[in-house]
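What you are looking at is a predicted structure, and each value in this text was computed from that prediction instead of being measured. In the text below, chain A, chain B and the rest are named by the order of the sequence lines, each starting its count at 1.
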Protein chains: 2
Amino acid sequence: MYEGAIQDLIDELGRLPGVGPKSAQRIAFHILSAEQADVTRLATALRRVKEQVRFCRICFNVAEADECRICRDARRTDEVLCVVEEPKDVVAIERTGEFRGRYHVLGGAINPLEGVGPDNLRIRELMTRLSGGAVKELILATDPNTEGEATATYLALLVKPMGIAVTRLASGLPVGGDLEYADEITLGRAFEGRRALDV
Amino acid sequence: MYEGAIQDLIDELGRLPGVGPKSAQRIAFHILSAEQADVTRLATALRRVKEQVRFCRICFNVAEADECRICRDARRTDEVLCVVEEPKDVVAIERTGEFRGRYHVLGGAINPLEGVGPDNLRIRELMTRLSGGAVKELILATDPNTEGEATATYLALLVKPMGIAVTRLASGLPVGGDLEYADEITLGRAFEGRRALDV
């Protein structure tokens, strides 16, 4: 609908996840009237991500060096290893400040419908790390959905013979939420996982 | 929260209109795993918009040449001029296929709260075009909100003494909508603008 360059940009932006035609148009006109320096910074950031970002050779988190910041941190314990699906899960857990162990990023979850099997994830690399003998507890922090649960079960069966404690993050009611708005599966899990109150 | 380049990209994306922190993160990881060629195309499209897109010297629509495609089109009539706020309004009207005249893009609407007065819009340029004498009807197609209405009223008062017919797009119920879901102002306008049914 537009001439040349602006339509090209709208088309390219529309290919990004979560950016519909209206947002693409809005962003394109924002770019058109933005400062040259801001646009250059964005274009450079796009290029640099492809050039500079690698995956940590130990945990497969995003990293700018061979090893990520967390794997390089000598103050963290090697005894607890937390398995997550994606780098953004590492960020979410780090934000809680509750965990001082190491991570292992699978790069997804088992999803036969989308053709993702165990061989497409960093499971072999996980087994190699575990065979080192340092890990005492393996926390399975894959997503609490069908694919995440399947992946957790698969890993638990695989790791069990190694004598490492395997745990899964608790499912239950979100803190600050309303019981009446919880879906029945979450509420069922919350019942199942009820704890004695020490008062 | 992330290291270096990926965080830089998330920050830059988060500055775009309508892109929140979660979307920025999602897009950044999409970029990270996208084909190099796709990322290059996006970065190039960003740069090219700033380099190549200009504003038509007649109507101030976006253009790649001195004059936009619509102003260059000899088959359109010069007798009807449609005033809109933004280039995207031109696209919306073109999509209807109902209009064969010319456009004038103001570059916004009068909005005293945001410091946009008549001098910040292409109103002087509009008056120069109108003084040429070719225009018989001026259609005010600014947005049907407070700023758009104020701008239309301001322009109507300005143009009235020139003896040019001034019209405004009809307000009323959206076609395909439900009467019960219309807000009271729209419904009020629809009553006000009711027409005799010729059956």
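- In this structure, A/Glu137 places its CD atom where more than 12 heavy-atom neighbours from other residues, nucleotides or ligands lie under 6.0 Å away.
- Atom CZ of B/Arg26 has 12 or fewer neighbouring heavy atoms from other residues, nucleotides or ligands inside a 6.0 Å radius.
- Heavy atoms from other residues, nucleotides or ligands lying under 6.0 Å from CZ of A/Arg95 number more than 12.
- Counted within 6.0 Å of NZ on A/Lys136, heavy atoms from surrounding residues, nucleotides or ligands total more than 12; the atom is thus considered enclosed.
- In this structure, A/Arg129 has no salt bridge (charged side-chain N to carboxylate O under 4.0 Å, His left out) partners at least two apart in sequence or on a different chain.
- The cluster map of Ile, Leu, Val, Met, Phe, Trp and Tyr, joined by side-chain heavy atoms under 4.5 Å apart, puts A/Val166 and A/Leu155 in the same cluster.
- Residue A/Val90 does not touch chain B at all, counting heavy-atom pairs closer than 4.5 Å.
- Contacts between residues 3-13 of chain B and chain A, defined by a heavy-atom separation under 4.5 Å, are made by B/Glu3, B/Gly4, B/Ala5, B/Ile6, B/Asp8, B/Leu9, B/Glu12, B/Leu13.
- Within residues 38-64 of chain A, the residues that have a heavy atom under 4.5 Å from a heavy atom of chain B are A/Asp38, A/Val39, A/Arg41, A/Leu42, A/Ala43, A/Ala45, A/Leu46, A/Arg47, A/Arg48, A/Val49, A/Lys50, A/Gln52, A/Val53, A/Phe55, A/Val62, A/Ala63, A/Glu64, listed by number.
- Most heavy-atom pairs under 4.5 Å with chain B, from the set A/Arg15, A/Lys88, A/Gln25, A/Gln36: that is A/Lys88.
- B/Leu140 and B/Leu130 fall within the same hydrophobic cluster, defined by Ile, Leu, Val, Met, Phe, Trp and Tyr side-chain heavy atoms under 4.5 Å apart, directly or through other members.
- By the criterion of side-chain heavy atoms lying less than 4.5 angstrom apart, applied directly or through intervening Ile, Leu, Val, Met, Phe, Trp or Tyr residues, A/Leu32 is not grouped with B/Val105; the two fall into different hydrophobic clusters.
- Within residues 115-127 of chain A, no residue has any heavy atom under 4.5 Å from a heavy atom of chain B.
- Residue-environment remark: CD1 (B/Ile185) stays at or below the threshold of 12 foreign heavy atoms within 6.0 Å.
- B/Ile70 and A/Tyr2 fall into different hydrophobic clusters, where Ile, Leu, Val, Met, Phe, Trp and Tyr residues are linked whenever their side-chain heavy atoms come under 4.5 Å apart, directly or through other members.
- No path of Ile, Leu, Val, Met, Phe, Trp and Tyr side chains, each step under 4.5 Å between heavy atoms, connects A/Ile93 with A/Val83, placing them in separate hydrophobic clusters.
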